[in-house]
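Taking it in order: structure first as structure tokens, then the write-up.
By convention here, the first residue in the shown sequence is residue 1.
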Amino acid sequence: MDEIFLSDDIFHYLSTYLSPEDCMSLCLSGVFERYADFYSRRRVWKLCRRFSLKPDICQTFFSTYLKSANVHVLDFCHCFWLPEATLLQSCLSPNLNNLKELNLSDTQLSLTSIILHVLPQCQSLTKLSVNIPEPTWEAFNGKLQGYADTYKENFKKLTHLKLDLLDGSSSLIWLLLFNVLGWCRDCIQLHINLFEQPQHNDIYPVFEEDEESIAVVSLAKENLYDAMKWMISLKSIAVLKKSSDSCLEDFCRWLLLELNPPGLEKIWIPSVKHIGAKYKPESMLTCFYLGRSPLSRAFFSQMTHLVEMSITSNLILPRLRFFKGNFFSVSILDKFCQNHPQLEYLHFEDRVFGGNRRKKPITFQCQWALAQLRTLIFARRRPHQDVLIKFMDSCSNLEQLQIGEFCYYGMLIFDRQIPVHDSFDCLAKQTHLRKLSLNSIEFIDGFFIERVLKNCQKLECLHLSGQFFVNWVTFHHDLCKYLPLGKYLRDLRIQREGMTDSILMELLSAAGSCPSLERLMIRQYKGNSIDKELDSILPQCLMNLVSVRLPRLLAFCLIYRLQLKTVMAITDAFRENILPIRPSFWFFINETLPCEINVPRVHFDDIIDPNIDSISVFG
């Protein structure tokens, strides 16, 4: 029989229906050599969030088949379970001489490993994203002692750089950051994440000036800022840190007030506090988020992303796609939505609708056509029903909806909550909805949950947090009753103040009826008394839930007061029975939330502590 020839176009089409792991397994099987030849010639390897990747298959394929000279892009972002040796010995071959982009954020590979083992071979690299786990410059620089500093030449070629500093609680981390940035020369897009641990009661550090930060700022002014004057060519900068400090403030002062890059188009620094109205851009910005700093409307004409603005009069920005701020009145909101049909992201609070005015009906004069709106964040505990209904009638393609006030680290539980109106039935109109988050809202019943889960067939993420008084049990029972309707739910996050053992078991049972679930988090905000009966049955219950009922589960987080021996029993069971067959499975069981630096970023930002300010606006 003659061999049938299949073109690369057909192979490409077939690959779209297979996961990367399936494609690699097919190549390693030896059944289809021509497909193996096709697949190994790929130039772009986007493996970000590919949780099905297994270390042994990945290592064997890359070391056997990959044609390294062809590779231009390698993206392993959020593949945190792949061992460092697997990535270094197989995936990052010495022959990657044509590699232009390397993304390794949220992996076990750090910048020092990249410097010593990867950069010497990758002379064409221009885009890099990577972790820095060291807390100080001394610890970081100590690992490079005895090696040639040729890596600094590689940094001079970088045009796009993203650094995740995993221990940003101390001011000393800024010395490390400034020294590394001093190696760059041609970078035009800079993205910096500084992760820090919360202090007592889940609260992040407040702005304060101490001797250590004063010394760091002084040293930066004397020796380090000069090496960073290449930032005069920056076009985009993002610095994400949940709390400000003297070092961040002084860095922003130096960059924006002294250097003031003339070509800067995008600024995303949410936590800075003291730049204020002093900043006068040299060019027309397209993206602006500088704490709560005001900006003259003279710089608005090219704006596509505008944040922390209070709109007090009519505003028309034909290019605006992203807005976060407040509106002075209902009429201003009305005209804003009419004037911006191209809007894709809207985050606002309805402070002007509070008090006695909340009882009065609202009449809108304008017609809204928000077909482009994909994300709506309505940050209010008790959103006015007329505003909510107006949005649901005007948005036909909404994919993400968050209602309720937002706070870092899941801290939003109020002492007093009043049941909301029944207008939440209108949410069921959003048939394209993928994520629904309801925060600090008290529901008497959950009938609207049934309609939402039935009509919103694309819904993948459901986040609920509130006080949920024990005597208002109807909502809880309705939620457990209707959760099985969420056939395609992938993320489920439930946080409540009071939770009995029976409520926990009912939630676990209901979650087990969602076979597509990939991430599950249940948090009790205030601890209960330890029940020995629960401690005896919970380990077997969770093993059955994870191994049998939820075969796709990738992350499990339970914040609940349990005996230490129970936690250890569950931990041992997961490690012995789940991790060998699901290497990417992550779990955490404790009575307090995990520290930021101990959780894979992909889970921390998405479900442990959803952070709306961490949105990437740079593409």
Side-chain angles (χ1 to χ4, degrees), residues 19-22 24-25 49-58 78-83 86 460-463 479-495 499 501-524 531-591 594 598-600 602-604 606-608:
S19 69
E21 183 187 18
D22 292 334
M24 292 179 189
S25 298
R49 294 185 182 226
R50 294 294 184 177
F51 297 106
S52 61
L53 277 179
K54 293 185 177 179
D56 55 343
I57 293 178
C58 188
H78 305 305
C79 294
F80 56 86
W81 66 96
L82 294 180
T86 297
E460 297 178 347
C461 305
L462 179 61
H463 294 185
L479 174 64
C480 294
K481 177 181 178 181
Y482 299 129
L483 261 184
L485 297 174
K487 298 180 180 179
Y488 303 105
L489 273 182
R490 296 171 57 189
D491 286 9
L492 178 61
R493 185 184 195 277
I494 299 176
Q495 172 179 310
M499 188 182 303
D501 295 342
S502 60
I503 288 178
L504 172 63
M505 297 303 291
E506 288 174 7
L507 287 174
L508 292 173
S509 177
S513 301
C514 304
S516 297
L517 209 61
E518 295 181 356
R519 293 189 288 197
L520 172 62
M521 177 178 177
I522 298 177
R523 182 192 182 191
Q524 178 191 46
D531 189 325
K532 293 184 178 180
E533 182 179 354
L534 176 68
D535 283 285
S536 64
I537 63 175
L538 191 60
Q540 184 58 40
C541 171
L542 291 182
M543 266 302 301
N544 179 67
L545 177 73
V546 175
S547 62
V548 179
R549 303 187 66 190
L550 299 178
R552 299 183 182 180
L553 199 68
L554 301 169
F556 176 71
C557 183
L558 175 62
I559 308 302
Y560 199 83
R561 192 178 181 190
L562 299 168
Q563 290 187 12
L564 179 60
K565 66 177 183 179
T566 304
V567 175
M568 295 305 298
I570 298 170
T571 299
D572 292 341
F574 283 170
R575 286 176 176 170
E576 294 175 5
N577 302 292
I578 304 299
L579 287 178
I581 58 175
R582 265 183 255 175
S584 61
F585 180 68
W586 174 86
F587 64 94
F588 183 85
I589 301 170
N590 206 322
E591 60 182 294
N598 297 328
V599 184
V602 64
H603 298 324
F604 192 90
D606 289 353
I607 195 167
I608 303 300

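Judged by distance alone, the side chain of Gln524 and the main-chain N or O of Met499 form a donor-acceptor pair under 3.5 Å. Judged by distance alone, with hydrogens and angles left aside, the side-chain atoms of Arg493 form a donor-acceptor pair with the main-chain N or O of Ile607 at under 3.5 Å. No donor-acceptor pair under 3.5 Å is formed between the side chain of Arg50 and the backbone N or O of Pro20.
When side chains are defined from C-beta on, Asp491 counts as touching His463, because their heavy atoms get closer than 4.5 Å. In this structure the side chain of Arg49 reaches within 4.5 angstrom of the side chain of Val602, judged on heavy atoms. Inter-residue side-chain proximity for Glu591 and Tyr560 is flagged as unmet; no heavy-atom pair is nearer than 4.5 Å. In this structure, the side chains of Ile57 and Glu21 come closer than 4.5 Å at one or more pairs of heavy atoms. Between Asn590 and Val567, every side-chain heavy-atom pair lies at or beyond the 4.5 Å cut-off. Residues Thr566 and Ile589 fail the side-chain proximity criterion, which asks for heavy atoms closer than 4.5 Å. With a 4.5 Å cut-off on side-chain heavy atoms, Leu507 and Cys480 count as touching. Two residues are said to be in side-chain contact when any heavy atoms from C-beta on lie closer than 4.5 Å; Pro484 and Cys514 fail this criterion.
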Donor-acceptor list for residues 537-556 side chains, cut-off 3.5 Å, not counting sequence neighbours:
residue, atom, partner, partner atom, Å
Ser547, OG, Met543, O, 2.5
Arg549, NH1, Ser509, O, 3.4
Arg549, NH2, Ser509, O, 3.2
Arg549, NH2, Ser513, OG, 3.3

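Rounded to the nearest 0.5 Å, atoms SG (Cys461) and OH (Tyr488) are 15.5 Å apart. Taken to the nearest 0.5 Å, the CG atom of Asn577 stands 11.0 Å off from the CZ atom of Arg582. Between Arg523 atom CZ and Cys557 atom SG the span is 9.0 Å, to the nearest 0.5 Å. The structure places CD of Glu506 at 11.5 Å from CG of Leu483, a figure rounded to the nearest 0.5 Å. Rounded to the nearest 0.5 Å, atoms CE (Met521) and CD1 (Ile608) are 4.5 Å apart.
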Just do the side chain to side chain contact (heavy atoms under 4.5 Å, CB included) check on Val599 and Trp586 with the steps written out, would you? CA-CA 9 Å; Val599 184; Trp586 174 86; 3.7 Å; yes

Is there a side chain to side chain contact (heavy atoms under 4.5 Å, CB included) between Ile494 and Leu462? Walk through the geometry before answering. CA-CA 8 Å; Ile494 299 176; Leu462 179 61; over 6 Å; no

Run Leu558 and Leu520 through side chain to side chain contact (heavy atoms under 4.5 Å, CB included) and show every step you take. CA-CA 8 Å; Leu558 175 62; Leu520 172 62; over 6 Å; no

Does the pair Asp535 and Arg561 meet the rule for a salt bridge (charged side-chain N to carboxylate O under 4.0 Å, His left out), with working shown? CA-CA 10 Å; Asp535 283 285; Arg561 192 178 181 190; over 6 Å; no

Are Arg519 and Asp606 close enough, and set up right, to give a side chain to side chain contact (heavy atoms under 4.5 Å, CB included), and what steps lead you there? CA-CA 10 Å; Arg519 293 189 288 197; Asp606 289 353; 3.1 Å; yes

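Ring orientation note: the planes of Phe51 and His603 are close to parallel, at an angle under 30° on the 30°/60° scale.
For the 3.5 Å distance criterion, the side chains of Ser25 and Asp22 fail to qualify, holding no donor opposite an acceptor.
Applying the side chain to side chain donor-acceptor pair (under 3.5 Å) criterion to Arg575, with sequence neighbours excluded, gives no partner residue.
Annotation for Phe585: atom CZ counts as buried by contact number, over 12 foreign heavy atoms lying within 6.0 Å.
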